[in-house]
Amino acid sequence: MKIFRQLPASVHYLFLIGIAATCLSCHAVMAKHLSASVAWPTLVFVRAFVTLLLLKVFFLREPIAWTKNKGVWGRSIFGSLFVCFFYIALSQIPTPDVLAIISTSPMWVAILYWINFKKKPTPAFWFAVSSMLVGAAIFDQVIRPDNTWGITFAILAVISAAIGTFSIEYCREFKSTVITFHLMVALLLLGLIAGVIQGRFLSNLWDVEVESWLGLIAMSVFALGYQLSMVSAAKTGGAISASFAIVLGVLITSAFDILVSGFDLQRSIATFLVIVPCLLLFSGVISIPSRANTVA
């Protein structure tokens, strides 16, 4: 751990991005597999419960001090909505398609910077937005019409993810574990409420097979790895830069999907057009807004 802290800032940051992307990819693939037999409120509830347990046992030995910080609760509320929308979308459309839509997160975060910090986008930004919209339109043709709701929930997921990630700008002084703990508490309550409304919540838990329980636990471990590394990356390099972990996760998942399912030209073109905006931001063609000095 001491050696890790002594790494150069750039290497440390890239390491966090790589860990976040890998964990996101593994988590998404497992969640997609589990969604065929486990209802999404159960996925949400179990993930939150296992994550809270792991956090408390391995990371948070001291009592948790609740906070009124708007950044922490913005991350908690919209991060919870992101997880719910993400699982619903995964249950309806292929994982690479969901992640490709989610990968537009840097663009949404950049728009939030523009609205909140008055950082005017460059012409290259609007070119990137156009590319993203064209890619999304192609996806609409690739995905079957009866799964339009899957696209809708994926879009709701990326908007929620962007707001939740942007909220970290307002709570950088908090530990990543504390921010994640608040998020998981909100997610636990949301999963419980959704399960009760859906009905048969407890019986759904009892009906889960042993193999699925092992998958749920493994999925929760990857989810925890993603959350902690993502928040740490956002605190280190800013919300926009950290959201590129999702883009890298898309590339990892898409490569895996091609190996398993075979090459699909139309979907590959759509994925490329959606990822282009993120590549332009990451390469510096589109300038990444700096954090406003007024942010607490």
Side-chain angles (χ1 to χ4, degrees), residues 1 4-5 7 9-28 44 47-48 50-62 64-84 86 102-103 105-106 108-110 112-113 116 157-188 190 219-249 288 291 295-296:
M1 181 66 70
F4 175 72
R5 290 175 179 173
L7 289 173
S10 57
V11 177
H12 182 185
Y13 177 70
L14 291 175
F15 180 83
L16 291 172
I17 291 293
I19 292 296
T22 303
C23 288
L24 173 63
S25 181
C26 294
H27 161 259
V44 169
R47 167 186 164 168
V50 173
T51 301
L52 284 171
L53 186 62
L54 292 173
L55 275 172
K56 192 60 182 174
V57 171
F58 295 104
F59 298 100
L60 292 170
R61 303 295 178 84
E62 69 279 1
I64 303 298
W66 296 102
T67 176
K68 297 181 180 179
N69 180 275
K70 63 179 180 180
V72 172
W73 287 107
R75 173 68 176 168
S76 299
I77 294 171
F78 289 100
S80 299
L81 290 174
F82 160 66
V83 173
C84 294
F86 183 65
I102 298 298
S103 71
S105 179
W108 298 100
V109 177
L112 289 173
Y113 267 89
N116 287 272
V158 71
I159 294 175
S160 300
I163 299 174
T165 303
F166 178 76
S167 298
I168 300 174
E169 293 287 0
Y170 291 89
C171 57
R172 287 190 180 186
E173 68 275 15
F174 289 87
K175 293 181 178 179
S176 301
T177 49
V178 173
I179 296 174
T180 302
F181 185 87
H182 281 74
L183 167 60
M184 289 303 117
V185 170
L187 184 61
L188 184 75
L190 195 57
M219 181 196 74
S220 302
V221 171
F222 284 120
L224 175 59
Y226 167 71
Q227 288 293 339
L228 291 178
S229 52
M230 180 69 168
V231 173
S232 297
K235 290 173 59 179
T236 303
I240 294 181
S241 300
S243 60
F244 282 103
I246 300 177
V247 182
L248 183 56
I288 297 177
R291 186 181 183 222
V295 177

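If you read the sequence from its start, that first residue is 1, and numbering goes on from there. All values below were derived from every heavy atom in this structure, side-chain atoms included, with hydrogens, water molecules and symmetry-related copies excluded. Just so it is clear, the structure is predicted and the values come from calculations on it, not from any experiment.
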Margin query: On a heavy-atom basis, which atom in Ile102 and which in Ala157 lie closest, and how many Å separate them?
Written below: CD1-CB, 3.6 Å
Check: Under 3.5 Å, is there a donor-acceptor pair between the side chain of Lys235 and the main chain of Phe174?
Finding: yes
Margin query: Going by side chain to side chain donor-acceptor pair (under 3.5 Å), name the residues that satisfy it together with Ser176, two or more places apart in sequence or in a different chain.
Written below: Ser232
Notebook entry, point to check: When rounded to the nearest 0.5 angstrom, what distance separates NE2 in His182 from CD1 in Ile77?
Noted result: 11.5 Å
Checklist line | Considering all heavy atoms, the nearest Ala162-Leu112 contact | finding: O-CD1, 3.7 Å
Checklist line | Qualifying residues under side-chain contact (heavy atoms from CB on, under 4.5 Å), relative to Leu54, sequence neighbours excluded | finding: Val50, Phe58, Val221, Leu224
Note to self: I'd like to check the side-chain contact (heavy atoms from CB on, under 4.5 Å) partners of Phe78; sequence neighbours left out, ordered by chain and number.
What the structure shows: Leu81, Ile163
Notebook entry, point to check: What residues form a side chain to side chain donor-acceptor pair (under 3.5 Å) with Trp108, not counting sequence neighbours?
Noted result: Thr104
Notebook entry, point to check: Between atom CD1 of Ile19 and atom CG of Leu24, what is the distance when rounded to the nearest 0.5 Å?
Noted result: 12.5 Å
Check: Roughly how far apart are Glu173 CD and Asn69 CG, rounded to 0.5 Å?
Finding: 5.5 Å
Notebook entry, point to check: What pairs meet the side-chain hydrogen bond (donor to acceptor under 3.5 Å, both in side chains) rule with one or both residues in residues 14-27, with sequence neighbours excluded?
Noted result: Ser25-Thr253, His27-Arg47, His27-Tyr87
Check: Got a sec, which residues hit side-chain contact (heavy atoms from CB on, under 4.5 Å) with Ser80, two or more places apart in sequence or on another chain?
Finding: Leu183, Ala186, Leu187, Leu190
Margin query: Taking atom NZ as the centre, does Lys56 end up with more than 12 heavy-atom neighbours from other residues, nucleotides or ligands that are less than 6.0 angstrom away?
Written below: yes
Note to self: With rounding to the nearest 0.5 angstrom, report the CZ to OG distance, Phe15 to Ser229.
What the structure shows: 9.0 Å
Margin query: For Phe82, give me all partners under ring-ring contact (aromatic ring centres under 6.0 Å, His included), at least two apart in sequence or on another chain.
Written below: Phe86
Next item on the list: Could you list the residues that satisfy side-chain contact (heavy atoms from CB on, under 4.5 Å) with Ala234, not counting sequence neighbours?
Entry: Ile168, Ala242
Check: Given the rule in the side-chain contact (heavy atoms from CB on, under 4.5 Å) test, do Phe59 and Thr180 qualify, once you have shown the distances and angles that lead to the verdict?
Finding: CA-CA 11 Å; Phe59 298 100; Thr180 302; over 6 Å; no
Notebook entry, point to check: In Å and rounded to the nearest 0.5 Å, what is the CE to CD1 distance from Met230 to Ile17?
Noted result: 7.0 Å
Margin query: Counting C-beta onward and ignoring hydrogens, is there a side-chain heavy-atom pair between Thr165 and Arg75 closer than 4.5 Å?
Written below: yes
